[in-house]
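Below is one structure; the comments refer to it alone.
Note: hydrogens, waters and symmetry copies are ignored here, and every other heavy atom, side chains too, is used. Residue indices begin at 1 and follow the sequence shown.
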Amino acid sequence: MNTLLHYPNCSTCGKARKWLAAREVQAELIDLVATPPSADRLADLWSRSGLPLKTFFNTAGVSYRAGDWKNRLAGTSEADQLAALAADGKLIKRPILDLGHTVLVGFSEPAWDQAIAGR
């Protein structure tokens with residue numbers, strides 16, 4: 001089953017949900033803020049995404065700025081980064097689409113079109 005980790009109040013997440021619906025792609029919806037993924041789940045998503053871990057941080061968010069992650073990120077272990085993400089769903093870049101064979105972070109229609117075509 002596909003999974004969309006999102007924040008209901010995020011306009012970009014709303015666009016992603018509409019995009020999925022328009023293409024009749026079913027996905028379980030998980031609210032990142034109400035139910036942040038565990039550090040282990042995030043590690044799995046990160047591993048399958050092939051992206052740098054810093055990609056999973058919502059650099060435009062209040063939590064990122066308040067935690068001074070811009071200055072702290074490079075000196076923080078991967079385990080501590082994953083723990084921080086798991087502790088604060090607003091720190092996580094959204095949406096995250098888990099298609100099983102691939103994980104997409106952030107909403108980009110061309111990337112999502114390509115990933116859906118390959119499923």
> Where is the tightest heavy-atom contact between Ala86 and Leu42, given as atom of each residue plus distance?
Replying inline: N-CD1, 3.5 Å

> So do the side chains of Cys10 and Phe107 get within less than 4.5 Å of each other, counting heavy atoms only?
Replying inline: no

> Could you give all pairs that pass the salt bridge (Lys or Arg N to Asp or Glu O under 4.0 Å) test and reach residues 45-65, with sequence neighbours left out?
Replying inline: Asp44-Arg48, Arg48-Asp98

> Taking only residues two or more places apart in sequence, or in another chain, which ones meet Ser63 in a side-chain hydrogen bond (donor to acceptor under 3.5 Å, both in side chains)?
Replying inline: Asp88

> Can you name the closest pair of heavy atoms from Glu28 and Met1 and give their distance?
Replying inline: N-SD, 4.0 Å

> What residues, two or more places apart in sequence or in another chain, satisfy ring pair (Phe, Tyr, Trp, His ring centres under 6.0 Å) together with Phe57?
Replying inline: Trp69

> Are Ile96 and Thr3 side-chain neighbours, meaning at least one heavy-atom pair lies under 4.5 Å?
Replying inline: no

>> Do Leu4 and Ile30 sit in one hydrophobic cluster, given that two such residues count as connected whenever their side-chain heavy atoms are within less than 4.5 Å of each other, even indirectly?
In response: no

> Side chains of Leu5 and Arg41: closer than 4.5 Å at any heavy-atom pair?
Replying inline: yes

Considering only distance and modelled atom types, tabulate donor-acceptor pairs under 3.5 Å from the side chains of residues 12-20, sequence neighbours left out.
unit_1 : atom_1 : unit_2 : atom_2 : d
Arg17  : NH1    : His6   : ND1    : 2.9

>> Are the side chains of Lys70 and Thr59 in contact, using a 4.5 Å heavy-atom criterion?
In response: no

>> Here's a test for you: under side chain to side chain contact (heavy atoms under 4.5 Å, CB included), which of Asn58, Val62, Leu32, Leu85 qualifies with Leu91?
In response: Leu85

>> Could you work out, with side-chain hydrogen bond (donor to acceptor under 3.5 Å, both in side chains) as the rule, every residue matching Tyr7, not counting sequence neighbours?
In response: Asn9

> Looking at Ala115 and Thr102, what are the two nearest heavy atoms and their distance?
Replying inline: CB-CG2, 4.0 Å

> Side-chain contact, heavy-atom cut-off 4.5 Å: Asp113 with Arg23?
Replying inline: yes

>> Is the shortest side-chain heavy-atom distance between Trp46 and Glu78 below 4.5 Å?
In response: yes

>> Nearest 0.5 Å, please: how far is CG in Asn71 from OG1 in Thr76?
In response: 10.5 Å

> Linking I/L/V/M/F/W/Y whenever any side-chain heavy atoms sit under 4.5 Å apart, do Leu73 and Ile92 land together?
Replying inline: yes

> Does the pair Val25 and Leu97 meet the rule for a side chain to side chain contact (heavy atoms under 4.5 Å, CB included), with working shown?
Replying inline: CA-CA 11 Å; Val25 176; Leu97 180 60; 5.7 Å; no

>> Run the side-chain hydrogen bond (donor to acceptor under 3.5 Å, both in side chains) test against Asp40 and tell me which residues pass, sequence neighbours left out.
In response: none

>> With a 4.5 Å cut-off on side-chain heavy-atom distances among I, L, V, M, F, W and Y, is there a chain of contacts connecting Leu29 to Leu104?
In response: yes

>> Quick check for you: to the nearest 0.5 Å, what is the distance between Leu99 atom CG and Asn2 atom CG?
In response: 5.0 Å

>> So which atom in Leu51 and which in Val105 form the shortest heavy-atom distance, rounded to 0.1 Å?
In response: CD1-CG2, 3.8 Å

